[in-house]
Amino acid sequence: MSYASFDNVKDNRYRNNKYEDDLFFKKNSENRIIFHIDANSAFLSWDAVYRLQHGEGVDLREIPSVVGGDPKSRHGIVLAKSIPAKKFGVQTGESLMEAKIKCPKLTVVPPRFHIYIKSSNAMFDIFSEYTPIIQRYSIDECFLDVSENEEAKRDPYELAIKIKERIKVELGFTVSVGVSNNKLLAKMGSELKKPDAATTLFPHEIENKLWPLPVRELFMVGRATEKKLRTIGINTIGELAQCEVGVLKERMKSHGELVWKYANGIDHSLVRRENYIEMKGIGNSTTISFDVDTKEEAHMVLMSLVETCSMRLRDSGNICKCITVSIRNSDFINYSHQRVMSYETNCTDEIYKEVIRLFDEMWKDEPIRHLGIRLSQLSTAKNRQLTLFDYKDIKKKESFDSVIDEIRMKYGTDAVVRAKFIHSGLKPIRGGAGAESYPVMSSIL
DNA sequence: TCTGGGGTCCTAGGACCC
DNA sequence: TCTGGGGTCCTAGGACCC
């Protein structure tokens, strides 16, 4: 490998995981110290803290409670649960109906994302005092590379305890910290003990701490993978680790190899700071509170999604070349239709026209429960190619969009609304930047 | 089971080109 | 018309994460 070309390769390291066997990483991974820090029952804890600070007597964390959506508008799932609720068997992601059957006295509170974002930022600010290398994995999780922190070098576990205590004292909620020398092990470590705990999971501890766990507990082993593994007699992470890689690769392609590596604690990915993470796409979707069964209504819902989505696109400074529309029907069957366009755009109007075309081509004239759009193949707006022919028209649309954006930023998204929504009973604007919209890692890199 | 919303990555199959 | 192989791009759908 030529080191002269190393800098050119560097950018690609952030985009794919083909470099894990790179000597560079192997040589350095033993010296790295990585923390994974996870806020315990984040939404629920944060809501509880806010309520206490605003004079409410009850601590949601001490009673069976959940943060959840409104079943009437068909958003009724559990987003976060208290520990007392967990004791009743309440699970994140299940319907509120189910949760209430398990625990009839359950307290349900609606989510308040603006509060969660503040709590998340406050947590992040404290982490920033210990290292500049922080990856926000989601609203409630961070990876910290503290390899260069003097306290971490002396005793990483002590530092983990110190940070955890600071969060508790200064912000009023608890976190779980995982300590190791790569991200995967740090993440698995933070799962081992919670709430309010710090746990090491260094390579020499894998056999005792990680391998006895059910295979489903491993990062990247979901429902489908668990099933496949169990059919070949693999039930624990240890059994997966000791399995022949070839067998897994044959049955599950690259995913088989990936989970085998994770079971063995192998992961050479870097803690990536925010600015190194590029957006691949921007999407908004919504479950409508009733089944939509006319084209006109569907078009209006799509318009409300295009409004937010295109605004987010413009806000990010990007234009898109590919548009995807997805439908979930009343039987919960999903399907989608996408097109790469011959041009790139960030105009509400142009995106809407394409969205409508895609929808009309795909819709099977059946009741619709959920609609989504996604804008991808992004590039920076500055590089946009314009033909002389459409130059004037596009400039006009662009300035129109930017005026609307400005008004909405200043006075709220409802400040400007399309006339046809006014007596329609439909929401003119749907979706948004969302609380869980931090850049996501998919296979940890 | 009356079951959200925002992401990423992978794969299979088809179209098209050389 | 029959016979290929390799490469790339695109689409739809699935799996996984929080």
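All values derive from a computational prediction rather than experimental measurement. Convention: sequence-line order gives letters A, B, ...; per-chain numbering from 1.
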### Any A:Arg369 side-chain N or O less than 4.0 Å from OP1/OP2 of B:dC2
no
### Summary
From the candidates C:dC17, C:dC10, B:dG4, the one with an atom nearest any side-chain atom of A:Met220 is C:dC17
### Pairs where residues 238-258 of chain A contributes a residue and the test side-chain hydrogen bond (donor to acceptor under 3.5 Å, both in side chains) is met, not counting sequence neighbours
A:Thr225-A:His255
### Task
Please tell me which of the listed nucleotides, C:dT11, C:dC17, B:dT8, lies nearest to the side chain of A:Tyr137?
C:dC17
### Query
Contact class for A:Thr92 vs. all strands (heavy atom < 4.0 Å): base, sugar-phosphate, or nothing?
nothing
### Message
Under a 3.5 Å threshold, yes or no: a donor from one side chain and an acceptor from the other, between A:Arg136 and A:Ser120?
### Response
yes
### Query
Any chance the rings of A:Phe113 and A:Phe43 have centres within less than 6.0 Å?
yes
### Message
Contact list please: residues 323-338 of chain A against DNA chain B, heavy atoms, distance less than 4.0 Å, in numerical order.
### Response
A:Arg328, A:Phe332
### Query
Across the strands shown, which category fits A:Gly281 at heavy-atom distances under 4.0 angstrom: base, sugar-phosphate, nothing?
sugar-phosphate
### Query
Is the NZ atom of A:Lys100 crowded by more than 12 outside heavy atoms at less than 6.0 Å?
no
### Task
Among B:dT3, C:dC16, B:dG6, find the nucleotide with the atom closest to the side chain of A:Thr225.
C:dC16
### Query
Which part of the nucleic acid, if any, lies within contact of A:Ile282, taking any heavy atom under 4.0 Å across all strands shown: a base, the sugar-phosphate backbone alone, or nothing?
sugar-phosphate
### Query
Expressed in whole Å, how much space separates the C1' atoms belonging to C:dG4 and B:dC16?
16 Å
### Query
Taking the side chain of A:Lys280 as heavy atoms from C-beta outward, which of B:dC2, B:dC9, C:dC17 is closest to it?
B:dC9
## Note on the structure
A:Arg223 has its side chain closest, among B:dC2, C:dC16, B:dA12, to C:dC16
#### Entry: Distance, nearest 0.5 Å, that separates OG of A:Ser119 from CZ of A:Arg112
10.0 Å
### Task
Give the nucleotide from the list C:dT11, C:dC16, B:dT11 with an atom nearest to the side chain of A:Lys253.
B:dT11
### Message
Here's a test of your reading of the structure: between A:Gly76 and A:Leu305, which maps to the more 5' nucleotide of DNA chain B?
### Response
A:Gly76
### Partner residues of A:Tyr352 under the side chain to side chain donor-acceptor pair (under 3.5 Å) criterion, sequence neighbours left out
none
### Query
Quick one: which of B:dG4, C:dT11, C:dC18 gets closest to the side chain of A:Glu141?
C:dC18
### Query
Which nucleotide, B:dT3, C:dC16, B:dT11, lies nearest any side-chain atom of A:Ala224?
C:dC16
### Query
If we call it a pair only when both distances are under 3.5 Å in a Watson-Crick or G-U wobble match, what pairs with C:dG5?
B:dC18
